[in-house]
Amino acid sequence: MDSNFLIEFVGYIASFTVLVSFLMKNIKTLRIINTIGCVAFVIYGVLLNWSIPIIITNVAIAGINLYYILRKEVK
């Protein structure tokens with residue numbers, strides 16, 4: 001299997017997951033699925049020879065999502 005195909009496949013999966021997250025009515029579900037998409041984008045950024053802007057942005061978004069997921073659990 002071509003490595004470029006694999007890299008693009010991970011990117012499409014990440015994009016699809018983030019897109020699907022915005023279809024969720026429940027905010028917690030949205031944040032969980034969005035976080036999964038962010039993790040996929042971090043993997044994609046690593047596969048793109050460490051694309052720092054992709055990695056930093058998605059680590060930050062995942063961190064924000066996790067903060068709100070855990071914050072709501074405490075309340």
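Side chains included, hydrogens not; waters and symmetry mates left out as well; all remaining heavy atoms used.
- In the hydrophobic clustering of this structure, Val46 does not group with Val10; members are Ile, Leu, Val, Met, Phe, Trp, Tyr whose side-chain heavy atoms approach within less than 4.5 Å, directly or through other members.
- Under a hydrophobic-cluster definition in which Ile, Leu, Val, Met, Phe, Trp and Tyr are linked whenever side-chain heavy atoms come within less than 4.5 Å, directly or via other members, Leu30 and Ile33 are assigned to the same cluster.
- To the nearest 0.5 Å, atom CG of residue Leu66 and atom OG1 of residue Thr35 are 5.0 Å apart.
- Residues forming a side-chain contact (heavy atoms from CB on, under 4.5 Å) with Asp2 (at least two apart in sequence, or on another chain): Asn4, Phe5.
- Not counting sequence neighbours, the partners of Val39 by the side-chain contact (heavy atoms from CB on, under 4.5 Å) test are Ile43.
- Under the side-chain contact (heavy atoms from CB on, under 4.5 Å) criterion, Ile54 pairs with Phe41, Tyr44, Leu48, Ser51, Asn58, sequence neighbours left out.
- Between Arg31 atom CZ and Ile64 atom CD1 the span is 8.5 Å, to the nearest 0.5 Å.
- Taken from CG in Leu47 to CD in Glu8, the straight-line distance is 11.5 Å, to the nearest 0.5 Å.
- With sequence neighbours excluded, the residues satisfying side-chain contact (heavy atoms from CB on, under 4.5 Å) with Ile56 are Ile52.
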Would you list the atom pairs, donor with acceptor, under 3.5 Å between side chains in residues 13-24 and any protein atom, with sequence neighbours excluded?
unit_1	atom_1	unit_2	atom_2	d
Ser15	OG	Gly11	O	3.0
Thr17	OG1	Ile13	O	2.7
Ser21	OG	Val18	O	2.5
Ser21	OG	Asn34	ND2	3.2

